[in-house]
Engineer: 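What follows is a structure written as structure tokens; I'll ask about it next.
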Amino acid sequence: MIIKKLSFDNFRNLEAGEIYPDSGINVIYGNNAQGKTNLLEALWLFTGGHSFRGNKDKELPRLIDGVNSLYCKLSADFYSFKREQNAEIIIKDGKKTCSLNGIGNKSAAYLVGKICAVIFSPEHLDLIKEGPSKRRAFIDAAICQIKPSYASILSKYNRVVTQRNALIKELFKNPYLSDTLDIWNERMASLGSDIINERLKYIEALKPYVKDIYSGMSSEKEKLDLDYICSFNTKNDGDIYTSFRKALDEAYKSDVNQGFSTVGPHRDDLALFIDNKSVRSFGSQGQQRSCVLSLKLSEAKMLEKSVGEAPIILLDDVMSELDNKRQDYLLNHLTDKQVFITCCSPETVNLLKKGKTFYMENGEVIKKDL
Ligand SMILES: Nc1ncnc2c1ncn2[C@@H]1O[C@H](COP(=O)(O)OP(=O)(O)O)[C@@H](O)[C@H]1O
Ligand SMILES: [Mg+2]
């Protein structure tokens, strides 16, 4: 998948302009608050999702003297699935619509699957720094992209957990209701084991990519490993369903005492180790960043394998805290796909061997020669 041309009109601080990206690496550099992330956000919107910044659509059109312009347009010419295509996004009166190859007035979701992208922004470091829910969300979102039916299993499971939790709270006061718990345990074990099996399958397939990319980033000096951590014992019994069903029965007392369901995929985690030490507890800033990058780039590999097209890679502000060798890896070794990297320092740009560079100042993009 290659973006050949991106035009923007009144998108955030980008007034009106266009860029013709390289089919490989594109570096967008400039001082803070000039519009570099805005440009990546514009590209990301073509994936059909919401802004990765969590903003509302009506905040996207350019503010002029503090007032939102009424109209904002993005257009992308891209090559994908062996043909030249065009997509447009228009935000008018706070409402976002899109069109694909001239067929217009669709909701943004119409673009899902037409342009695929993987984004890394500094907030994604939460994936390492924060608790297990961020890591579960990463795995779940990645699986949903390649298997949309997984989303419905997840939402059914979450509903069952909510209902079981309500019953658990009730049981504290009325233990005679415990017979009804069996039905919820059964549903939870059935849906929950499907979730765990999908996650295990995904992690197993992801693992070789993550290890390989991390090894490349660290010039083969460090070894990254990852493991899915189940919240219950899976060693003794046959399959996940049987172990989970048993674990739910065994957790009865602690569930009632704590007032919620203490075991299940909603409590699982993904553990990451560099040279056998937990990245979360012991990793340096640069190692944690490299680790998240390896996960994201591997997610892109998985997407490519499933869709048959390499997604575009958007790397926002990744370079700080990475040494020259790691920067060199990102700039010069991701050659088989289209990458957009933003950074502040012109020195970083000098490391680029092949690709295009764009200088961003006050919402204006200026192409610079290498
Ligand atoms: N709707 C908008 N209209 C005009 N300017 C905006 C809008 N949204 C954000 N901005 C401006 O864009 C700038 C931030 O751009 P950003 O892409 O985050 O910068 P950076 O180059 O540091 O990545 C800020 O100055 C912000 O005020
Ligand atoms: Mg930025």
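Every value quoted in this text rests on a predicted model; they were computed, and no experiment measured them. Counting starts at 1 for both ligands and their atoms, following the listed order.
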Engineer: Considering only heavy atoms, does Asn31 approach ligand 1 within less than 4.0 Å through its side chain, its backbone, both, or neither?
Structural biologist: backbone
Engineer: Please name all residues satisfying salt bridge (charged side-chain N to carboxylate O under 4.0 Å, His left out) with Lys368, sequence neighbours left out, ordered by chain then number.
Structural biologist: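 With neighbours one apart ignored, the set is empty.
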Engineer: Applying a heavy-atom cut-off of 4.0 Å, say which part of Leu60 lies close to ligand 1: side chain, backbone, both or neither.
Structural biologist: backbone
Engineer: Looking at non-hydrogen atoms alone, which of Val67, Asn38, Leu40 comes nearest to atom 12 (O) of ligand 1?
Structural biologist: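 Answer by nearest heavy atom: Asn38.
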Engineer: Show all protein N/O/S atoms under 2.8 Å from the Mg ion (ligand 2), or state that there are none.
Structural biologist: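 Metal shell, protein only: Thr37 OG1.
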Engineer: Which bit of Glu41 is near ligand 1, meaning a heavy atom under 4.0 Å away: side chain, backbone, both or neither?
Structural biologist: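 For Glu41, no heavy atom sits under 4.0 Å from ligand 1.
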Engineer: Closer than 4.0 Å to some heavy atom of Glu59 - which atoms of ligand 1 meet that?
Structural biologist: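 Reading through ligand 1 atom by atom, the close ones are 1 (N).
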Engineer: Which ligand 1 atoms are under 4.0 Å away from a heavy-atom of Leu63?
Structural biologist: 1 (N), 2 (C), 3 (N), 4 (C)
Engineer: Under 4.0 Å from a heavy atom of Gly35: which atoms of ligand 1 are those, numbered in the order shown and with their elements?
Structural biologist: 15 (O), 16 (P), 17 (O), 19 (O), 20 (P), 21 (O)
Engineer: Within 45° of the six-membered ring axis of Phe358 and under 6.0 Å from that ring's centre, is NZ or CZ of Lys356 located there?
Structural biologist: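 No, Lys356 does not lie over the aromatic ring of Phe358.
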Engineer: Distance under 4.0 Å to a non-hydrogen atom of Asn32: what atoms of ligand 1 satisfy this?
Structural biologist: 22 (O)
Engineer: When you measure from atom 15 (O) of ligand 1 to the protein, is at least one non-hydrogen atom found at a distance under 4.0 Å?
Structural biologist: yes
Engineer: Indicate whether atom 26 (C) of ligand 1 is within a distance of less than 4.0 angstrom of some protein heavy atom.
Structural biologist: no
